[in-house]
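Computed over heavy atoms, backbone and side chain alike; hydrogens, waters and symmetry mates excluded. Convention: sequence-line order gives letters A, B, ...; per-chain numbering from 1. Quick caveat: nothing in here was measured; it's all calculated off a predicted structure.
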Protein chains: 2
Amino acid sequence: MDAALDLVAKKAPFSSLSLREVTKRAGVVPTAFYRHFPDMSALGLTLLDESFRTLRQMMREVRQQELPNERMIRGSMETFFTYVRNNRTHFLFVSKELYGGSATMRQAIRREIRLFVSELAMDMARFPFLVRVNAEDLQMMASLVVNSVVALTQEMLELDEDDEAGQHEMLIMAEKQVRLIYFGVAQWRSDVPPRT
Amino acid sequence: MDAALDLVAKKAPFSSLSLREVTKRAGVVPTAFYRHFPDMSALGLTLLDESFRTLRQMMREVRQQELPNERMIRGSMETFFTYVRNNRTHFLFVSKELYGGSATMRQAIRREIRLFVSELAMDMARFPFLVRVNAEDLQMMASLVVNSVVALTQEMLELDEDDEAGQHEMLIMAEKQVRLIYFGVAQWRSDVPPRT
DNA sequence: TCGCAATGTCAACACTTGTACACTTATACT
DNA sequence: AGTATAAGTGTACAAGTGTTGACATTGCGA
């Protein structure tokens, strides 16, 4: 059932998608829909949950494989982006819902993203050269990293599915950008004058 | 006419929006729509054009006011974000269309964004400490800056319209993030081993 | 003041939409 | 083997959809 619904986010955004189209795609009569979900928005939330449950698990694995400094960025980016490619439809769905979905959807996705940011901030707090950075700035750095990766992910989703060259380019770009950010992080002091 | 259509992007994404809703909101009979646009997607493209024409002009002004290093970041961010607040509906529209719109819409928006990136890259090329950075990396840095600002803008649009505290927080965050990136930029050398 | 172009109105059409209700079929469990 | 539960079918309806063609009103330039 969900299978046919994944094929959904391929073209139109979820919001402009009728119950009947879904059931037609699933090869089933419209009224059969209600046997599974009371509502279209319920379907949406279920899809969202399904998307993030597996993503969270993957992120946990990435976080645990402790690698030395430089290798870490490259490795994380690589596993993340191949994961994206293997779950293309789910990411397409989430990407469109982030800004185009209902209020509850958007908030749910933002909550998940904030969670990733916090976890990254915690990981970064263990870096020895970041002891002089206060918690707020740590959060700000982590959100910068996450936002950039998200943006690049969305850009990659815009590419053709089998444009391997383009996707590889995105990966390299992501790695460079994150490394660049880390250069900046190493330089940062939380006590510079606010200059307001 | 366009006035009533701006009030449109306040709730639903443009794609899931009927011709009749628009005309009703405009206080006009459905068929009158065709006197102005042949099509809903034509309306969308017009709205898009309207949004970016003024934006481009503003960006040009920001680019010309040459300020010394530190002041520049703060100043640019300030004028940009107040511009966003003053054109809230337009940005809401564009933000939703970036990922939720039709293929032609998305491509049009991406083209505009790439244009901003290129212009920023050109400006950055004039910095004395960036002579050792090749063109490709310049592009990558500029896109990092633009992506971050875009992400923060979208986050700000999620806030309540008159949550001034929250919006100010976004502004400060944006300034910090861009400054952080510039720290990294100052450290960058294009000839580090690619480590592939 | 006339006339014409722009803008708006009305009625009607063929479709699609979400949902309710009453049945039928398949699956699983004692 | 028999039955309860889950899943699917068919019909129906009221409401909303885009688009048509023929007609009415406005406003501005000659």
Participant: Quick one: Y34(A) OH to dG18(C) P, roughly how many Å, whole number?
Facilitator: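 Going from Y34(A) (OH) to dG18(C) (P), I get 7 Å.
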Participant: What integer distance in Å separates F37(A):CZ from dA6(D):C1'?
Facilitator: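 Atom CZ in F37(A) sits about 14 Å away from atom C1' in dA6(D).
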Participant: Ignoring hydrogens and angles, tell me if any N or O in the side chain of S15(B) forms a donor-acceptor pair with the backbone of S16(A) under 3.5 Å.
Facilitator: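 No.
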Participant: Indicate yes or no for a side-chain donor-acceptor contact from R85(A) to the backbone of Q167(A) under 3.5 Å, with no hydrogens or angles considered.
Facilitator: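 Absent.
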Participant: Classify the nucleic acid contact of F33(A) as base, sugar-phosphate or nothing, counting any heavy atom under 4.0 Å across all strands shown.
Facilitator: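 It contacts nothing in the nucleic acid.
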Participant: Do L98(A) and Y99(B) have side chains that get closer than 4.5 Å, going by heavy atoms?
Facilitator: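 L98(A) vs Y99(B): side chains apart.
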Participant: Does T31(A) make a side-chain donor-acceptor contact with the base of dC21(C), cut-off 3.5 Å?
Facilitator: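 Donor-acceptor pair under 3.5 Å: no.
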Participant: Is the shortest side-chain N/O distance from H36(B) to OP1 or OP2 of dA6(C) below 4.0 Å?
Facilitator: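 Checking dA6(C) against H36(B), no side-chain N or O comes under 4.0 Å of OP1 or OP2.
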Participant: With each end axis built from five pairs of C1' atoms, what bend angle do you get for the helix from dT1(C)-dA30(D) to dT30(C)-dA1(D)? Round to 10°.
Facilitator: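 Inter-axis angle at the ends, rounded: 20°.
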Participant: For the residue pair F91(A) and Y83(A), does the interplanar ring angle fall in the parallel (under 30°), tilted (30 to 60°) or perpendicular (over 60°) class?
Facilitator: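 Perpendicular.
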Participant: In whole angstroms, how far is the P atom of dT17(C) from the CE atom of M40(A)?
Facilitator: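 Those two atoms, CE and P, are 11 Å apart.
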Participant: Hey, could you give me the CZ/CE distance between F33(B) and M40(B), rounded to the nearest 0.5 Å?
Facilitator: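 If we round to the nearest 0.5 Å, F33(B):CZ and M40(B):CE are 5.5 Å apart.
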Participant: Take atom CG of D2(B) and atom P of dT7(C), then tell me their distance rounded to the nearest Å.
Facilitator: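 In whole Å, dT7(C) P and D2(B) CG are 12 Å from each other.
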Participant: Under 4.0 Å from any atom of DNA chain C, heavy atoms only: list the residues of residues 10-30 of chain B that qualify, in numerical order.
Facilitator: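 Output list: V28(B), V29(B).
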Participant: Quick one: do E112(B) and R56(B) satisfy salt bridge (charged side-chain N to carboxylate O under 4.0 Å, His left out)? Show the steps, please.
Facilitator: CA-CA 9 Å; E112(B) 298 283 350; R56(B) 275 197 299 261; 2.7 Å; yes
Participant: Can you sort out the partners of K24(A) under side-chain contact (heavy atoms from CB on, under 4.5 Å), two or more places apart, ordered by chain and number?
Facilitator: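 K24(A): no side-chain contact (heavy atoms from CB on, under 4.5 Å) contacts found.
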Participant: If we ignore hydrogens and angles and just use 3.5 Å, is the side chain of Q177(B) paired with the main-chain N or O of M140(A) as donor and acceptor?
Facilitator: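 Judged by distance alone, yes, a pair lies under 3.5 Å.
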